[in-house]
Amino acid sequence: MKTVYDYLHSYGIKPSVQRIAIMEYLLNHKTHPSVDEIYVALSKQIPTLSRTTVYNTLKLFVEHKAANMLTIDERNTCFDAETGTHAHFLCRQCGKIYDLPMEDDSQQSDEVSKDGFIVDEVHRYYKGICPKCQAENLLN
């Protein structure tokens, strides 16, 4: 199994204590955390960590395609270490973001490319009410 150190190297990112901790958090917490969530979670174990360091590290991960930045709603920017093809669902009630399977859009991207466009990212977002919140609404 690949270590986080090796994982970062595979994306051309020089590992540091902060980078390893932030990537490890992303890989282990599939909650699509924000900069603040990551900072709060890691600042106890890394007292020298700053929000700016977390932000800049996540930006580096996105630039190297080791993570994705999600801007599903206008209030929050979240991050996802799952870089494979998938969609996201934002529950308007609880605010949780779920990963959803999505078929590869390469055929549609090929059609767009024929018109002279270069596609390097495809995002698919859904918004609504998740099954858990729907069940809770029925109980209330």
Side-chain angles (χ1 to χ4, degrees):
M1 183 165 171
K2 220 183 227 192
T3 65
V4 176
Y5 182 92
D6 294 332
Y7 185 83
L8 291 173
H9 259 293
S10 72
Y11 283 96
I13 299 169
K14 183 179 176 187
S16 68
V17 171
Q18 293 90 348
R19 290 174 182 174
I20 290 170
I22 293 167
M23 181 53 76
E24 188 169 51
Y25 188 87
L26 271 181
L27 290 169
N28 291 326
H29 295 85
K30 305 289 185 184
T31 57
H32 307 90
S34 67
V35 169
D36 282 338
E37 288 174 63
I38 296 169
Y39 170 75
V40 168
L42 297 178
S43 62
K44 293 173 188 124
Q45 61 193 75
I46 308 173
T48 58
L49 189 67
S50 69
R51 279 182 173 80
T52 302
T53 299
V54 174
Y55 174 79
N56 288 336
T57 300
L58 291 167
K59 185 178 174 198
L60 176 73
F61 292 169
V62 171
E63 288 169 357
H64 285 262
K65 302 199 182 309
N68 290 320
M69 182 178 355
L70 309 176
T71 53
I72 297 173
D73 71 0
E74 47 288 336
R75 293 172 298 162
N76 301 308
T77 300
C78 303
F79 296 86
D80 188 1
E82 173 55 56
T83 58
T85 301
H86 66 287
H88 292 98
F89 181 93
L90 170 66
C91 178
R92 292 186 190 270
Q93 189 167 327
C94 68
K96 185 173 179 185
I97 300 171
Y98 296 86
D99 287 333
L100 298 175
M102 182 178 98
E103 294 202 19
D104 188 1
D105 278 346
S106 60
Q107 185 176 5
Q108 186 175 359
S109 295
D110 290 345
E111 290 298 316
V112 172
S113 296
K114 286 180 187 174
D115 293 331
F117 297 95
I118 298 172
V119 177
D120 60 3
E121 289 183 32
V122 175
H123 299 274
R124 185 163 300 159
Y125 301 139
Y126 299 94
K127 297 178 183 179
I129 307 297
C130 71
K132 183 178 177 187
C133 287
Q134 289 177 53
E136 288 174 3
N137 290 342
L138 291 175
L139 295 175
N140 294 329

Min side-chain heavy-atom separation F61-L8 under 4.5 Å: yes
Neighbour count >12 (heavy atoms, 6.0 Å) for atom NZ, K132: no
Please check if the side chain of H32 supplies one atom and the backbone of I97 the other of a donor-acceptor pair under 3.5 Å. yes
Quick check: is Y126 connected to I72 through a chain of hydrophobic side chains (ILVMFWY, heavy atoms under 4.5 Å apart)? no
Euclidean distance, Y5 OH relative to S10 OG, rounded to 0.5 Å: 12.0 Å
Is there a path from F79 to L100 through hydrophobic residues (I, L, V, M, F, W, Y) whose side chains come within less than 4.5 Å of each other? no
Nearest 0.5 Å, please: how far is NE2 in H123 from CG in L70? 8.0 Å
Look only at the side chain of K30 and the backbone of E82, and say whether a donor-acceptor pair between them is shorter than 3.5 Å. no
Do L58 and M69 come close enough that some side-chain heavy atom pair is under 4.5 Å? no
Above 12 or not: heavy atoms from other molecules or residues under 6.0 Å from OH of Y55? no
Gap between atom CZ of R124 and atom CZ of F89 - 0.5 Å precision: 14.5 Å
If I compare all heavy atoms of L90 with all of G95, which pair ends up nearest, and what's the gap? CD1-O, 3.5 Å
What's the separation between atom CD1 in I20 and atom OG1 in T57, rounded to the nearest 0.5 Å? 11.5 Å
Is it the case that more than 12 heavy atoms not belonging to Y125 sit under 6.0 Å from its OH atom? yes
Hey, could you give me the SG/CD distance between C78 and E37, rounded to the nearest 0.5 Å? 6.5 Å
To the nearest 0.5 Å, how far apart are OG1 in T31 and CD1 in I38? 8.0 Å
Closer than 3.5 angstrom, by distance alone: can the side chain of T53 be matched with the main-chain N or O of L49 as a donor-acceptor pair? no
Where C91 and Y98 come nearest, the two heavy atoms and their spacing: CB-CE1, 4.5 Å
Would you say NZ of K59 has more than 12 non-hydrogen atoms from neighbouring residues, nucleotides or ligands within 6.0 angstrom? no
State plainly whether one hydrophobic cluster holds both V54 and Y11, where clusters connect Ile, Leu, Val, Met, Phe, Trp and Tyr through side-chain heavy atoms under 4.5 angstrom apart. yes
With a 4.5 Å heavy-atom cut-off, do Q93 and C130 have their side chains touching? no
Minimum heavy-atom distance R51-V35, with the two atoms named: O-CG1, 3.8 Å
So does I118 have more than 12 non-hydrogen atoms from other groups sitting under 6.0 Å from CD1? no
Taking all non-hydrogen atoms of both residues, which atom of M23 and which atom of A81 are closest, and how far apart? SD-CB, 4.3 Å
Atom of G12, atom of H64 and distance for their closest heavy-atom approach: O-CE1, 3.5 Å
How are the rings of H86 and H88 set relative to one another: parallel (under 30°), tilted (30 to 60°) or perpendicular (over 60°)? perpendicular
Do side-chain atoms of R19 reach the backbone of K14 as a donor and acceptor pair under 3.5 angstrom? yes
Transitively linked via ILVMFWY side-chain contacts under 4.5 Å: I13 with I46? yes
